[in-house]
Amino acid sequence: MNSSIPIISREGNTVIVQGAVTIDHAVMLKKSGIALFDDQPLTIDLNQVTEVDSTIVSVLLEWQRATRKNRHALQFINMPESLKSLIQLYGVAELIPLAANPIPVQNAS
């Protein structure tokens, strides 16, 4: 199965993921996400994710690992129910926490 290519972009301190996050694009998405990280705390907004498979769990863990390595905060918001189920199934909820109070978006001006 070949799903559509996901889009990842950054607005202020929020990284927005759009489209299907499946094995077809997991490596590209992992690298593209890490390329957007800097020395600021970030929020990953998953509201526009349309499809997931288990590879999304490894992508999110790699992003967490990359930000922790540089001692930066990373949090997730608007997680699809299917992803929440995968995270519970794999027992990694404490490693991929949902944000209770997302970091406010900063506009570059």
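This is a predicted model, so every value here is computed, not measured. One-based numbering along the sequence shown.
- In the hydrophobic clustering of this structure, Leu98 groups with Val15; members are Ile, Leu, Val, Met, Phe, Trp, Tyr whose side-chain heavy atoms approach within less than 4.5 Å, directly or through other members.
- Among all heavy-atom pairs drawn from Met79 and Ile87, the shortest one is SD-CD1, 3.4 Å.
- In this structure a side-chain-to-backbone donor-acceptor pair under 3.5 Å is missing from Asn13 to Leu42.
- A single hydrophobic cluster is not seen to contain both Ile7 and Ile44; linkage of ILVMFWY side chains at heavy-atom distances under 4.5 Å, directly or through other members, places them apart.
- Using a distance-only test at 3.5 Å, with no hydrogens or angles considered, no donor-acceptor pair links the side chain of His25 to the main chain of Ala20.
- Atom OG1 of Thr22 sits about 9.5 Å away from atom CG of Leu29, to the nearest 0.5 Å.
- Here the OG1-CD distance, from Thr14 to Gln75, works out to 8.5 Å after rounding to the nearest 0.5 Å.
- What you find for Gly33 and Ile8 is that their closest heavy atoms are CA-CD1, 3.5 Å.
- Here the closest heavy-atom approach between residue Met28 and residue Ile5 is recorded as CE-CG2, 4.0 Å.
- Here the shortest heavy-atom pairing between Trp63 and Lys30 reads NE1-O, 3.1 Å.
- The minimum heavy-atom distance linking Leu36 with Ser9 is given by the pair CD1-C, 3.9 Å.
- Surrounding NZ of Lys31 are at most 12 heavy atoms belonging to other residues, nucleotides or ligands under 6.0 Å away.
- Rounding to the nearest 0.5 Å gives a distance of 12.5 Å between CG of Leu74 and CZ of Arg65.
- Of the possible donor and acceptor atoms, none in the side chain of Arg68 sits under 3.5 Å from a partner among the backbone N and O of Asn70.
- Here the options are Asp45, Asn47, Thr43, the test is side chain to side chain donor-acceptor pair (under 3.5 Å), and the partner is Asn78; only Asp45 passes.
- In the hydrophobic cluster analysis, where Ile, Leu, Val, Met, Phe, Trp and Tyr join through side-chain heavy atoms closer than 4.5 angstrom, Leu61 is grouped apart from Val27.
- Atom-to-atom distance recorded for Asp53:CG and Leu86:CG is 8.0 Å, nearest 0.5 angstrom.
- Under the 4.5 Å side-chain criterion, counting only non-hydrogen atoms from C-beta, Asp38 is in contact with Arg10.
- Contact annotation: the side chain of Leu46 approaches that of Pro80 to within less than 4.5 Å [non-hydrogen atoms, C-beta and beyond].
- Screening Val17, Leu83, Ile16 against Val49 for a side-chain contact (heavy atoms from CB on, under 4.5 Å) leaves a single residue, Val17.
- Judged purely by atom type and a 3.5 angstrom limit, Gln64 uses its side chain to pair as donor or acceptor with the backbone of Leu95.
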